[in-house]
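In what follows, a single structure is set out as structure tokens and then discussed.
Fair warning: this is a prediction, and the values are worked out from it, not measured in the lab. Computed over heavy atoms, backbone and side chain alike; hydrogens, waters and symmetry mates excluded. So you know, we letter chains A, B, ... as the sequences are listed, proteins then strands, and number each from 1.
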2 protein chains.
Amino acid sequence: MSTTASSAPQTGSRPGGRSARVRAAVHRAVRELVADEAGDPLTIPAVAARAGVHATTVYRRWGAVGELLADVATSRFSGDFVVPDTGSLRGDLERYASDLAKDLCDPDTLALVRATIGAGGEQGAAACRGERQRQLEAILEREQDRGEQTPSLERTTDAVLAPLYYRAVFTDDPLTPEWTRTLVSHLLPD
Amino acid sequence: MSTTASSAPQTGSRPGGRSARVRAAVHRAVRELVADEAGDPLTIPAVAARAGVHATTVYRRWGAVGELLADVATSRFSGDFVVPDTGSLRGDLERYASDLAKDLCDPDTLALVRATIGAGGEQGAAACRGERQRQLEAILEREQDRGEQTPSLERTTDAVLAPLYYRAVFTDDPLTPEWTRTLVSHLLPD
DNA sequence: CTACTAGCGCAGTGATCAGTGCGATACTGG
DNA sequence: CCAGTATCGCACTGATCACTGCGCTAGTAG
């Protein structure tokens, strides 16, 4: 930890290395195979073949399909999602809900969520909502730091997060922007 | 419809027959294996062996694991669930939510839901909510027939059904009776 | 530049799974 | 009681999967 890398050069996993390259290829293969929705339960050899990687590698690094899916879901739902900051709680929540809805609308993402829940069980399900819950908490806390009253995290989850996930995963109804805005309106009746 | 059987003797599937017996055994085997939560993706031979039935039979009647799970989920979420009728909408909804919460609390049922979603995709997810949506609709319609104003089905689903399913499937938080009642209270603020 | 470590590819094994004719058995109506 | 039919059990084959030593190559530190 001296010149180039800022932290954690302890292992051989540096961005750009071979390890990271394989990881990215495998992740992409999982997303593609899950999106293809053939019905078959996503086997390790299939993932390896699609990624241009030997099955041995996948077995060693991830072990089982459940952990692999949980890993993919975690990295999928962690990055590239900024906490909105519009200045008001209503604006933040509407933006947040809209972004989440747009995300869950994607059939590939939805298939990933379903597969992860099925194979990863408790751990997989947690990976799918993962960062989203903390982002919601951050929005509420920032509003509270402004000195404003906010609904509890539990109530906000029930009113916004839960309907979004439920409608996306359990039904085939579309997540329209009007409906998404309605969720926030019912939570903040002002 | 004369003495014993009431209806539908058209095919060989009569209650008590061999066909129904096999069906029940396979269904029970699926529920048990899914509940065991070993992580393995529930194969047909495993189900057949557990049910004391030959794998051929399962292959012929259901074909794939997804359809089998969907069938089990459908029959699991269809029967033995009466629409409550307490006289008031609030009472009906609280009773309905409480029953549903108690049902989703069962780890075996929860595992079945997760597995069905993972393997059955769109169809499997629909089987899991199946009858519940219609029961909710029935409650609302009855209240409307009494001449009372009710929230829309969509709004009720978002406020009651969605949080129940979301919390059960995606989190490990308990579905306590107090929290369940809170859902109805927020929908009917009166 | 050189030694070191970690990760990957290769080949192969035992086990399990999906799927298919065939005969036997249990229910059906006459 | 007797034919007819649908369903189930059995034995089997091809294919796939999970998993394991061994050698090689890419990155790392001195």
**Asked** Does B/R60 get its side chain close enough to the base of D/dG9, under 3.5 Å, for a donor-acceptor pair?
**Response** yes
**Message:** Can you see if the side chain of B/Y59 gets near the phosphate of C/dG19 - specifically, an N or O under 4.0 Å from OP1 or OP2?
**Reply:** no
**Prompt:** Looking only at side-chain N and O atoms, does A/S19 come under 4.0 Å of OP1 or OP2 in D/dA26?
**Reply:** no
**Item:** Modelled atom types, side-chain donor and acceptor of B/D71 and B/H27, under 3.5 Å
**Value:** yes
**Message:** Between C1' on D/dC19 and CD on A/E67, what's the gap in Å once rounded to a whole number?
**Reply:** 15 Å
**Request:** Write down the atom of A/A101, the atom of A/L164, and the distance for their closest heavy-atom approach.
**Result:** CB-CD2, 3.8 Å
**Request:** Please state how far atom CD1 in B/I44 lies from atom C1' in C/dC17, giving the value in whole angstrom units.
**Result:** 10 Å
**Request:** Quickly work out the A/D40 CG to D/dA18 P distance and round it to whole Å.
**Result:** 12 Å
**Message:** Counting only side-chain nitrogens and oxygens, does B/H54 get under 4.0 Å of the OP1 or OP2 atom of D/dC10?
**Reply:** yes
**Request:** Could you check whether B/T43 gets within reach of a base, just the sugar-phosphate, or nothing at all, counting any heavy atom under 4.0 Å?
**Result:** sugar-phosphate
**Message:** Between P on C/dG19 and CH2 on B/W62, what's the gap in Å once rounded to a whole number?
**Reply:** 16 Å
**Distance-only donor-acceptor test, B/T56 side-chain atoms vs D/dC10 base atoms, 3.5 Å** = yes
**Prompt:** Tell me: CG of B/L33 to P of C/dC17, nearest whole Å?
**Reply:** 11 Å
**Prompt:** Using a cut-off of less than 4.0 Å, is there contact between a side-chain N or O of B/R21 and OP1 or OP2 of D/dC8?
**Reply:** no
**Message:** When you group the ILVMFWY residues by side-chain heavy-atom contacts below 4.5 Å and let the links chain together, are A/F170 and B/L183 in the same group?
**Reply:** yes
**Request:** State, yes or no, whether a side-chain contact exists between A/L112 and A/R76 at a heavy-atom distance under 4.5 Å.
**Result:** yes
**Message:** Which is more 5' along DNA chain D, the nucleotide nearest B/G52 or the one nearest A/A55? Just name the residue.
**Reply:** B/G52
